[in-house]
Amino acid sequence: MEEGFDVGARLRQLRQERQLSQRELAKRAQVTNSTISLIEQNSVSPSVSSLKKILDALPVSITAFFAGEEPSHPRPFYKAEELTEIGDGVLSWRLVAARRPDRRMSVLHERYPPGADSGEDMLEHDGEEGGVVISGHIEITVNGEVAVLSAGDAYYFDSRLPHRFRNAGDTECMIVSANTPPSFSDGGEVLHHGQSGTEG
DNA sequence: CGAAGATAGGGTTGTCGAAA
DNA sequence: TTTCGACAACCCTATCTTCG
């Protein structure tokens with residue numbers, strides 16, 4: 001059942017690229033705006049007939065929708081709302097040019113609300129990563145070393161070393177970062193952090 | 001006010017297991 | 001096999017909130 005594919009985010013991306021409101025798209029597709037809203041929030045998984053009506057109205061083929069090969073040629077610029085959210089609902093990681101073919105690096109706009117945590121289980125993956133703190137404070141652990149960085153501070157380390165990001169302060173922390181090779185592609189690899197049921 | 005997105009409540013449909 | 005009730009899922013209408 002295509003576990004990794006985010007139907008809602010994909011639909012929202014395609015709709016916004018075409019500058020259509022939920023209501024406008026709904027009208028063209030002969031469904032209601034609430035249907036579009038619920039699908040984009042992944043509150044329902046649409047029936048095949050509904051999805052087909054919606055994709056016909058965009059228009060986008062079913063295969064193109066799931067293949068994710070959308071832009072005919074990669075664009076150099078992205079509006080803020082076009083970044084692809086790959087966070088977990090608490091912390092926000094917004095990926096630039098998620099669908100760009102042959103992308104060699106990941107550029108992320110990261111936002112950590114107070115208490116947000118990449119997980120007690122350390123992250124480890126191939127590559128290198130670095131970033132600059134834009135605002136707030138972030139506690140970063142790399143291979144046992146802990147530091148709290150503030151606006152203007154930066155980090156750079158080998159991603160194979162176990163690492164963790166945590167906002168222990170009481171204000172949101174914003175970071176702009178890059179890593180290579182790209183660990184994140186939407187619909188494929190995702191971050192899996194320990195996240196021992198921290199709901200609520 | 002209108003436009004946009006989210007949401008509450010209900011109607012319809014399909015599936016499953018038990019009984020005839 | 002068909003029928004019945006329980007249940008879950010999808011999607012509708014109507015309504016709500018937010019923003020300008």
Spacing of [X] atom [atom1] relative to [N] atom [atom2], expressed in whole Å:
X: A:N42; N: C:dC10; atom1: CG; atom2: C1'; result: 15 Å
X: A:K27; N: B:dA4; atom1: NZ; atom2: P; result: 10 Å
X: A:I39; N: C:dA9; atom1: CD1; atom2: P; result: 16 Å
X: A:L51; N: C:dA9; atom1: CG; atom2: P; result: 18 Å
X: A:I54; N: C:dC10; atom1: CD1; atom2: P; result: 13 Å

Extract from the structure each pairing of a protein N or O with an N or O of nucleotides 6-8 of chain B at less than 3.5 Å, listing the distance.
residue, atom, partner, partner atom, Å
B:dA6, OP1, A:R12, NH2, 3.4
B:dA6, OP2, A:Q22, NE2, 2.8
B:dA6, OP2, A:S37, OG, 2.9
B:dA6, N6, A:N33, ND2, 3.1
B:dT7, OP2, A:Q41, OE1, 2.8

#### Entry: N/O (side chain, A:R15) to phosphate O (OP1/OP2, B:dA4) under 4.0 Å
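Checking B:dA4 against A:R15, no side-chain N or O comes under 4.0 Å of OP1 or OP2.
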### side chain to side chain contact (heavy atoms under 4.5 Å, CB included) partners for A:V44, two or more places apart
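Residues passing side chain to side chain contact (heavy atoms under 4.5 Å, CB included) with A:V44: A:L38, A:I39.
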### Per A:T32 side chain, nearest of listed nucleotides C:dC12, C:dC11, B:dA4
C:dC12
### Task
Could you check A:E129 against A:F157 for side-chain contact (heavy atoms from CB on, under 4.5 Å), going step by step and ending with a plain yes or no?
CA-CA 6 Å; A:E129 58 190 274; A:F157 57 83; 3.6 Å; yes
#### Entry: By salt bridge (charged side-chain N to carboxylate O under 4.0 Å, His left out) - contacts of A:D56 (at least two apart)
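A:K52.
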### All salt bridge (charged side-chain N to carboxylate O under 4.0 Å, His left out) counterparts of A:K27, not counting sequence neighbours
none
### Query
Parallel, tilted or perpendicular: which fits the ring planes of A:F165 and A:Y155, with parallel below 30° and perpendicular above 60°?
perpendicular
### Task
Flag yes if A:V132 and A:V96 sit in one hydrophobic cluster, no otherwise; membership is Ile, Leu, Val, Met, Phe, Trp, Tyr, and two members link when side-chain heavy atoms are under 4.5 Å apart.
no
What are the atom names and distances for every N/O pair under 3.5 Å that joins the protein to nucleotides 11-13 of chain B?
none

### Task
Could you verify whether a donor N or O on one side chain and an acceptor N or O on the other, from A:T35 and A:T32, lie under 3.5 Å apart?
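There is such a pair between these side chains.
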### Query
Who else is in A:M174's hydrophobic cluster (ILVMFWY, side-chain heavy atoms under 4.5 Å, direct or via others)?
A:I134, A:V176
